[in-house]
Structures are given as structure tokens and as C-alpha cells.
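Structure record follows, encoded as C-alpha cells.
Read the numbers this way: they start at 1 and go in the same order the structure lists the ligands and their atoms.
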Amino acid sequence: MRPRRLRKNDVIRALVRENYINVENLIYPIFVVEGNKIKEEIPSMPDVYRFSIDMLSEELEELIKLNIKTILLFGVPSVKDEYGTQAYNENGIVQKAIKYIKRNYPEIYVITDVCLCGYTTHGHCGIVKDGEILNDETLKILSKIALSHAYSGADMVAPSAMMDFQVKAIREELDHNGFYDVAIMSYSAKFNSSFYGPFRDAAQSAPKFSDRRTYQMDTSNFKEALKEIELDIKEGADIVMIKPALCYLDIIKKASEIFNVPISAYNVSGEYTMIKLMAKYGYIDYKKAVMEVLTSIKRAGADIIITYFAKEVARWKENF
Ligand code: PBG
């Protein structure tokens, strides 16, 4: 055997290539803020912006042109409180954004992040009492948020609070109100990662006291991740997510082998900015690095990748 025979030129390399990135499998996150005429770059995430709704059209038209049809919506509200009530306000930022998008760009498939951290003054993903994050009280709020997104026209909701039974609670609430067709992509194995740092700037969602260790997963655990995924599937998740992607490729691999639902992986903000900054300093070939990273996530077994690189990848593909 001489493996180099199959590496001789572009044609033979392409012929034997095992994994590709398809734009159809990418989800692009979008941050929306209250206000007018706002398109502000997120300092910790170069080339990613927060948009007010009136400024969304250009972005959405570009996505459609690039054949990116699926977005993950995050809202940045102007008012926060202890219970995150703005998260289920029918005129809240996400609800307004969904309605705007669905009215003007019905071909866009809208997924919404369902969580409290961006909407609470304390910045935790659940209701807090005496310094503790309460599980079952939070479920009621998460269900209300998901329902309000469904009423506004969301195609899929993505609970990311890491509360036990969040998928079950949301599925029941949606079904109870006739939203059988609204799907759930659960942030199933969401780790207590340091790679969310840049996002917390973007969504202004950093916890004001303590950290998320009592609900997000310990970064060293493998079996527990599989347990979380299994529970979410039993509770009714249509798609399960592993997050972040790069430090957790082993979990993506195993999950894709043993579970019969689509697996998504979130290539998170820290993973994005790391590459952006290296490229800025000229330490890596940006395009090659991005494709290498995304392909590794695909090769590990992810069917779907949520990534801030989606637009750039689509542009490069256009020029292939
Ligand atoms: C909110 C949420 C987070 C991310 C997505 N939804 C952050 C967190 O848990 O603090 C992170 C996304 C990213 O880093 O790109 N629960």
C-alpha cells in the first residue's frame, strides 16, 4: 500500500474525500436588540453584529442569497428583571423579530433560543432564590417563553437553560396549545465552558454572581453527556445538541453512533473568536483553518453545525 497515490492531485483527492460541509446543514445565529438603526459590531466577536429589527432586512437577504435558510435567534432586551418576564412578552424583542422575519421572509426557518440569562438582572438561566437556581419554578417560565415564540411564528425552539425536564415541560406546553408542529432542538449536553465568554458580551448575559456549575455540565464528563442526551430524546427532543463543539468531539462521535436523532453541534463564540484573532495576527490561513475546524465537527458525526462562520463558508462555496 502506498497511501500517497490517492493524494497525487486535486481530482483524486476530491474523489476520495470523505466529508464535506454543506451550507444546508449550517445554522447562523443572529442577535437582535431593541431600538432603531442599530447595526453594531460585537467587540468580542469580529464581523458579528447586533441588529435592531429595522436593520435586519439586509442581513436576511444576504443569507437567502447565500442559501443559508436557518437562523438561531437571540434577543437582547432593553429591560431586565429578576424573573425574566420580558422573555415571554408578546411584544418582546424576539417575538417582534420572529413576526417581522416570518412576514417578510417566510422561507427562513426560525429557531429561537429559549433561556432566561439574557433577560434576568442576575444573569442566571433560571429563577433564583437565596442564591440557588430553582429547577421546577424555571420550567414554568421556559414553557411560557417557548409558547410565546410559537405564537409569534417560530418553527423550532431551542431550550438552553439546562434545567431538568425542560424539554418535557416545553413539549407538553406546545402540544397543549396545538403547536404539534413546532420542533424542539435541545441544548442537551451543554458544558460549563469558558468558550462562551465572547457570547456573554454579545447577549449581555454573564451571571452577576457565582457561575453556572449547578446546571451546566462539568467539562470532564462523558457518560453524563450521553445520559443528558438520552433523557432529552425520551422527553421529546427532535434534535439534540452538543455544545461547545471542539472540546467535545468525542461526545459528538459517540452520540452520532448510538442515537437515532439528528445531532447538532454548536461551534461557539470562543471557538469563533479564537480563529478570528489568530487570523488577524497572521498566524494561520483563515479559510483553511475554518474549513478544517468545521469539517472536524462534521467528521465526528454532527449532522448540523451552528456557526458564526456560516456566511463566510457559504461565500467561499459560491466561488468554488
Ligand atoms: C444562553 C446561551 C449561551 C450560549 C448560547 N445560549 C451562553 C451561556 O450559557 O452562558 C453560548 C453561545 C456561544 O458562546 O456562542 N444560555
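Taking every non-hydrogen atom of Arg212 and a distance limit under 4.0 Å, the qualifying atoms of ligand 1 come out as 8 (C), 9 (O), 10 (O). Taking every heavy atom of Tyr308 and a limit of under 4.0 angstrom, the matching atoms of ligand 1 come to 12 (C), 13 (C), 15 (O). For ligand 1 and Tyr266, the ligand atoms under 4.0 Å from any heavy atom of the residue are 12 (C), 15 (O). Within ligand 1, the atoms closer than 4.0 Å to a non-hydrogen atom of Asp113 are 6 (N), numbered from 1 in the order shown.
Figure legend: Lys190 and Tyr196 shown as a cation-pi pair, the cationic atom lying under 6.0 angstrom from the six-membered ring centre and within 45 degrees of its axis. Both cation-pi conditions hold for Lys39 and Tyr49: the charged atom is under 6.0 angstrom from the six-membered ring centre and inside a 45 degree cone around its axis.
For atom 4 (C) of ligand 1, the nearest non-hydrogen atom of the protein is Lys243 NZ, 2.6 Å. Remark: minimum distance from atom 14 (O) of ligand 1 to any protein heavy atom is reached at Ser269 OG, 2.7 Å. The protein atom (non-hydrogen) at minimum distance from atom 1 (C) of ligand 1 is Cys117 SG, 3.3 Å. What sits closest to atom 10 (O) of ligand 1 on the protein, heavy atoms only, is Arg200 NE, 2.6 Å.
Between Arg50 and Asp201, the closest heavy-atom pair is NH1-O, 3.2 Å. Counting all heavy atoms, side chain and backbone alike, Lys129 lies closest to Leu134 at CB-CD1, 3.7 Å. In this structure, Asn91 and Lys96 approach most closely via the heavy-atom pair O-CE, 3.4 Å.
Any N or O atom pair closer than 3.5 Å counts here, and Lys190 shares at least one such pair with ligand 1.
Only the side chain of Cys115 comes within contact range of ligand 1, with a heavy atom under 4.0 Å; no backbone atom does. With a 4.0 Å cut-off on non-hydrogen atoms, Ser160 touches ligand 1 through its backbone as well as its side chain.
Using a 4.0 Å cut-off between charged nitrogen and carboxylate oxygen, Arg213 and Asp218 do not count as a salt-bridge pair.
Checked against a 6.0 Å centroid threshold, the rings of Tyr151 and Tyr88 do not count as neighbours.
By the 6.0 Å contact criterion, OH on Tyr215 is enclosed, its count of non-hydrogen atoms from other residues, nucleotides or ligands being greater than 12.
Using a 4.0 angstrom heavy-atom cutoff, Gln216 counts as in contact with ligand 1.
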